[in-house]
> 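The structure that follows is given in the form of structure tokens.
Reckoned from all heavy atoms, side chains included, excluding hydrogens, waters and symmetry mates. Just so it is clear, the model here is predicted, and its values are computed rather than measured. Atoms within a ligand are numbered from 1 in the order they appear, just like the ligands themselves.
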Amino acid sequence: MLSVEEAIQRIERAFSPLGAELISLDQALGRVLAEPLDARLTQPPADVSAMDGYAVRAADVETLPAKLKIVQRIAAGQPPSGSIGAGEAARIFTGAQVPPGADTIVIQENCDEADDHVTVREGDRRLGQHIRKAGLDFATGDIALHSGRRLTARDISLAAAMNRPWLKVTRRPRIALLSTGDELVNPGDPVGPAQIIGSNGIGLAALVRAFGGEPVNLGIARDTLEDLDRAIEAALGFDMLVTSGGASVGEHDLVQTALTKRGMQLGFWKIAMRPGKPLMFGTLDKLRVLGMPGNPVSTIVTALLFLRPSIDRMSGLSGVDPAREVALLGKAMPANDMRQDYVRARLVTDSEGRRMATPFSPQDSSMLSLIARADCLIVRKPHAPEAKAGDMVDIIPLSGGCWSV
Ligand code: AMP
Ligand code: MG
């Protein structure tokens, strides 16, 4: 059996970034930049006022009160009409350009205005105060967003301010999803006495979307080589095929046989982990294939660990950590065997701000009700010794943040 770390490394090595496409900025949330983004202009374009008030010369307001003549009024969007001389001031509003000659803004709350004059009564008047210098935020040619970055809403605001309405991003990976099993029917279909709902297809599609890929659900294949082969044929044009079920060693587990018959080169099969041991990875021409176990919790956990980095690599993201964090253990756990455990747990923050992860029991890998309720997975290394309540453990949070699953 392969270790989880080795399997993740092998998977990451098997993928490279896909080609780029041009998209409009309003479609860019969560996409990965395929080019460095430089500013097309300088922001602010000139020195501007950060407050509503009066643009003055600091030398004129050293002693207060100071009475100055108002020679112009400048709102945001209007260029100044001239410069400010000694004993003069300009009425100015937030975002308006500071006129030549002025070097300080005094705020309107500290002034009285009457008959084209302003009297500065009180307050700070340090040289340069409340002036945003040209280029404070960025200057033409500055690279503010780097290639390989997954764009946040904040990045989108920045790109807009840099006058970049179109962006080059990595194409979304197209992922074909195939469920397998004679017992499965689609949600909403009639359910026979020995049948269950196939939940992995629709659940994996949601995960693929959350990871930034484009899912196409190929439906359910029966446990026959013919039906599996038909479905594999349909997946050939995709970037990746993800199967669920039929991955183990039972006589109805035919996924690997069907793929090998088609010419798949097996990369590896079986990982020292729980849940998810029968995971398989292979290559069929250009198609990468991830064969997941059918138990719904195993499917979700292996998707977090192996499908997410596959999509990350194809999207142009590099070296993304599986968001490993730590918490205190809420309940003692026994020593572990040779498999790395991913234990469904509740995560609570106590009154002193400490995070406590408490494992659920049972940990059956068929139980969707528990993985749906879990806040995190506790990661238990192979051969980890017994752990006491209060010990520090590694966790993978399942909720919170932009890529919450
Ligand atoms: P398998 O890997 O095919 O042996 O399946 C392991 C277990 O997962 C069996 O109990 C299957 O019924 C169940 N299973 C397989 N595929 C799905 C699915 N798409 N949705 C829900 N359960 C499934
Ligand atoms: Mg099966």
Side-chain angles (χ1 to χ4, degrees), residues 1-2 4 7 175-211 213 215-232 234-235 238 240-261 264 266-282 289-307 339 341-342 344 362-374 405:
M1 284 190 292
L2 207 60
V4 171
I175 317 276
L177 304 170
L178 178 65
S179 307
T180 72
D182 286 343
E183 74 280 31
L184 305 178
V185 295
N186 285 312
D189 282 354
V191 189
Q195 292 182 310
I196 61 165
I197 303 292
S199 53
N200 291 342
I202 201 153
L204 278 170
L207 282 166
V208 166
R209 262 191 214 101
F211 299 155
V216 174
N217 199 341
L218 300 181
I220 299 165
R222 300 292 143 217
D223 289 322
T224 65
L225 285 174
E226 299 70 45
D227 211 31
L228 285 166
D229 190 64
R230 258 197 302 277
I232 293 165
F238 285 81
M240 189 174 186
L241 167 64
V242 178
T243 64
S244 75
S248 202
V249 291
E251 60 200 75
H252 300 284
D253 294 328
L254 300 172
V255 171
Q256 198 179 128
T257 312
L259 284 159
T260 311
K261 276 197 161 175
M264 182 190 74
L266 183 66
F268 58 80
W269 183 43
K270 290 189 183 167
I271 316 281
M273 66 184 288
R274 180 174 29 235
K277 178 177 135 192
L279 187 94
M280 179 205 76
F281 182 72
V289 185
L290 195 59
M292 294 178 168
N295 267 313
V297 177
S298 314
T299 305
I300 291 168
V301 171
T302 51
L304 288 171
L305 291 174
F306 306 108
L307 179 55
R339 283 155 77 181
D341 275 352
Y342 293 88
R344 281 70 81 198
Q363 285 283 328
D364 193 296
S365 61
S366 69
M367 293 180 68
L368 278 168
S369 53
L370 289 189
I371 187 95
R373 223 187 302 151
V405 290

> Would you say Ile197 touches ligand 1, if touching means a heavy atom closer than 4.0 Å?
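The answer is yes: ligand 1 sits under 4.0 Å from a heavy atom of Ile197.
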> Taking only distance into account, with no hydrogens and no angle test, what donor-acceptor pairs under 3.5 Å do side-chain atoms of residues 187-207 form with protein atoms, sequence neighbours excluded?
from: Gln195; atom 1: OE1; to: Gly192; atom 2: N; distance (Å): 2.8
from: Asn200; atom 1: ND2; to: Ser244; atom 2: OG; distance (Å): 3.3
from: Asn200; atom 1: ND2; to: Gly294; atom 2: O; distance (Å): 2.8
from: Asn200; atom 1: ND2; to: Thr299; atom 2: OG1; distance (Å): 3.3

> Is the contact between Leu184 and ligand 1 made by the side chain, the backbone, both, or neither, using heavy atoms and a 4.0 Å cut-off?
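Only the side chain of Leu184 comes within reach of ligand 1.
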> Any N or O on Pro293 sitting closer than 3.5 Å to an N or O of ligand 1?
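It does not: no N or O of Pro293 is found under 3.5 Å from an N or O of ligand 1.
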> With side chains defined as the heavy atoms from C-beta onward, is the minimum distance between Leu228 and Val255 less than 4.5 Å?
yes
> Who's closest to atom 1 (P) of ligand 1 heavy-atom-wise, of Gly246, Ser179, Ala247?
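Among Gly246, Ser179, Ala247, the closest heavy atom to atom 1 (P) of ligand 1 comes from Gly246.
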> Are the side chains of Tyr342 and Val4 in touch, meaning some heavy atoms are under 4.5 Å apart?
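SC-SC contact between Tyr342 and Val4 confirmed.
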> Can you sort out which atoms of ligand 1 are near Ile196, meaning under 4.0 Å from one of its heavy atoms?
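Those of ligand 1 that fall under 4.0 Å from Ile196 are 12 (O), 22 (N).
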> Would you kindly specify which portion of Glu183 sits under 4.0 Å from ligand 1, judged on non-hydrogen atoms: side chain, backbone, both or neither?
side chain
> Given Val249, Asn200, Leu204, Thr243, which has its nearest heavy atom closest to atom 17 (C) of ligand 1?
Asn200
> For Asp223, check salt bridge (charged side-chain N to carboxylate O under 4.0 Å, His left out) against everything at least two apart and list the hits.
none
> Which atoms of ligand 1 have any heavy atom of Gly198 under 4.0 Å away?
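Ligand 1 atoms under the 4.0 Å threshold to Gly198: 18 (C), 19 (N), 20 (N).
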> Distance-only, no hydrogens or angles: does the Gln363 side chain make a donor-acceptor pair with backbone N or O of Arg344 under 3.5 Å?
yes
> Considering non-hydrogen atoms of the protein only, which is the closest contact for atom 7 (C) of ligand 1, and what is the distance?
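The closest one turns out to be Asn295 OD1, 3.5 Å.
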> Tell me which protein heavy atom sits closest to atom 5 (O) of ligand 1, plus the residue, atom name and distance to 0.1 Å.
Gly294 CA, 3.8 Å
> Got the closest protein heavy atom to atom 4 (O) of ligand 1, with its distance?
Asp253 OD1, 3.7 Å
> Do Trp269 side-chain atoms and Phe281 backbone N/O form a donor-acceptor pair below 3.5 Å?
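Pair absent, no side-chain N/O of Trp269 close to backbone of Phe281.
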> Arg209 side chain to Pro215 main-chain N or O, any donor-acceptor pair under 3.5 Å?
no
> Below the 3.5 angstrom mark, is there an N/O of Ser199, backbone or side chain, next to an N/O of ligand 1?
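Yes: some nitrogen or oxygen of Ser199 is under 3.5 Å from one in ligand 1.
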> Quick one: CZ on Phe238 to CG on Leu218, what's the gap to the nearest 0.5 Å?
5.5 Å
